[in-house]
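Numbering starts at 1 and runs along the sequence shown. This is a predicted model, so every value here is computed, not measured. Just so you know, ligand 1 is whichever comes first in the structure, and atom 1 is the first atom listed for that ligand. Only heavy atoms go into these numbers, but all of them, side chains included; no hydrogens, no water, no symmetry mates.
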Amino acid sequence: MMKTTTKLVSASDVTFTPSRTAHPFESPTLSMQEPTAASIHAAAAYIRQGDLVAFPTETVYGLGANALDSQAVEKVYAAKHRPADNPLILHIASIQYLRKLILPQHIPDIYDSLIAKFWPGPLTIILPLDNESTQISKLCTSGQSTFAVRMPANQLALALIATAGVPLAAPSANTSTKPSPTSAQHVEHDLHGRLGLILDGGRSDVGLESTVVDGLVDPPQILRPGGISLEEIRDVKGWEETIVHRADLSSAVAVPRTPGMKYRHYSPIAQVILFVCGAEPSSSWLHANGINGKAVFLCRTRNWAPELAGSLGVTDYPLGQAGKDISRNLFETLRCLDARGAEVILVEGVEETNEGLAIMNRLRKAASLTIDQ
Ligand code: TXA
Ligand code: MG
């Protein structure tokens, strides 16, 4: 693959500096408005010429390409080392655009109330696709008869999509199997040299990916839990009976409804051990499992005592107590502990309600071992 030079545009660089008119990439000293607009125009130009741009969203950073350009979309799969049978989410900046250009036919009524409540926001919907007439690259959809789309709640993302004038096919901007990136630095760590530009919008607010819902089946299904909870979705008219799809991956012939869910995911270098249902590590457990003497970090959430790490002789690294805090901190913590040389990460699970469903979904995929009582 061709190597490109990655340029990093930092929002923090632009905040407190005086206005100047130089090209935004000539210097890290940018002005507050013009260069920000200029950097978005530059990023949009990269997209239109078929290059990749990483951009912030409220969930995690996305690796964007023009969804109508197969050569550009191919670069996404190559940059991430992503299997070709795992389709991408399209990102749009307006519903009008979706109606006119992407889906000339009617958007199924069931989505109206959901779109009205959660867009822009961390919700991805599955829509039918007419493979004959669509302009969307078939590579985005891995040949399926549906496609996934969302409108992100992030001003930089919306400005980039609107300026580029095309939908962005964008998976999370990490190397496949690694925790999703929640900062521009994470993207740079994984993908440096494999994309044109990274737009730095600071830390992602939600920290976990969007919820993927399928309203084309009855009852509607959550295919991937994420930033909007099952409870919030069931609160919407027409979505009261929504269920969470559980892929039966034990069967060799089962085709997972959300192909991405079958792959290894969110794995830091360190071994993640997840404790559920009130289970808690003890000194004898550490000893029996050969973990003594290793670089061990303890990520507690709601019930483990602050003194637990000290009593075990390991390092305390709290994830937070509120669901929103744990979500925001999770991927960042996994990456940070890798950087600190962690060999083992012991994590206290949470109940699978509200934000807990998405948190536990990601933790179960990151963990190589789950301990219950
Ligand atoms: O929050 C997010 O959704 C982030 C940001 C960048 O928007 N994106 C993201 O994309 O998480 P990615 O590629 O990492 O995950 C997309 C998920 C995968 O599990 C994929 O299989 C599923 O969406 N998906 C895409 N198209 C689908 C379709 N037509 N039917 C079912 N699942 C689909
Ligand atoms: Mg991903």
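Few gaps surround CD on Glu343; more than 12 heavy atoms of other groups in view lie less than 6.0 Å from it. The number of heavy-atom neighbours closer than 6.0 Å to CD of Gln155, taken from other residues, nucleotides and ligands shown, is 12 or below. Within a 6.0 Å sphere centred on NZ of Lys138, other residues, nucleotides and ligands contribute more than 12 heavy atoms.
Under 2.8 Å from the Mg ion (ligand 2), one finds the following protein N/O/S atoms: Ser172 OG.
Remark: distances from the non-hydrogen atoms of Ile126 to ligand 1 include one below 4.0 Å.
Leu208 is listed as a side-chain neighbour of Ile359, based on a closest heavy-atom distance under 4.5 Å. Ser210 places none of its side-chain heavy atoms less than 4.5 Å from the side chain of Leu123. Side chains of Tyr111 and Ile126 form a contact here, defined as non-hydrogen atoms less than 4.5 Å apart. Using a 4.5 Å heavy-atom threshold, the side chains of Ser172 and Lys80 count as touching.
Across Gln221, His245, Glu58, His91, heavy-atom proximity to atom 7 (O) of ligand 1 is greatest for His91. Of the candidates Pro181, Ala170, Gly62, Ala54, it is Ala170 that places a heavy atom closest to atom 8 (N) of ligand 1.
Atoms of ligand 1 lying under 4.0 Å from at least one heavy atom of Ser172, given by number and element, are 8 (N), 9 (C), 10 (O), 12 (P), 14 (O). Against a heavy-atom cut-off of under 4.0 Å, Arg150 is close to the following atoms of ligand 1: 1 (O), 2 (C), 3 (O), 5 (C), 7 (O). For ligand 1, the atoms sitting less than 4.0 Å from at least one non-hydrogen atom of Phe147 are 29 (N), numbered in the order shown with element in parentheses.
Formation of a donor-acceptor pair under 3.5 Å by the Arg82 side chain with backbone atoms of Asn86 is found in this model.
Taking distance alone, with nitrogen or oxygen atoms compared against 3.5 Å, Lys80 stays at or beyond that limit from ligand 1. Inclusion of Asn86 in the set of residues having an N or O under 3.5 Å from an N or O of ligand 1 is warranted. Between Thr124 and ligand 1, no pair of N/O atoms sits closer than 3.5 Å.
For the pairing with Tyr317, the side chain to side chain contact (heavy atoms under 4.5 Å, CB included) check across Thr333, Asn329, Ile345 returns one residue only, Thr333.
Of the heavy atoms in Thr59, only side-chain atoms (C-beta onward) come closer than 4.0 Å to ligand 1. At a heavy-atom cutoff of 4.0 Å, ligand 1 is contacted by no atom of Asp214, backbone or side chain.
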Which pairs would a plain distance check flag for residues 289-297, meaning a side-chain donor or acceptor within less than 3.5 Å of a matching protein atom at least two apart in sequence or in another chain?
from   : atom 1 : to     : atom 2 : distance (Å)
Asn289 : ND2    : Trp285 : O      : 2.8
Asn292 : OD1    : His287 : N      : 3.1
Asn292 : ND2    : His287 : ND1    : 3.4

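Met360 is not connected to Leu298 by any chain of hydrophobic side-chain contacts under 4.5 Å among Ile, Leu, Val, Met, Phe, Trp and Tyr, and they are in different clusters.
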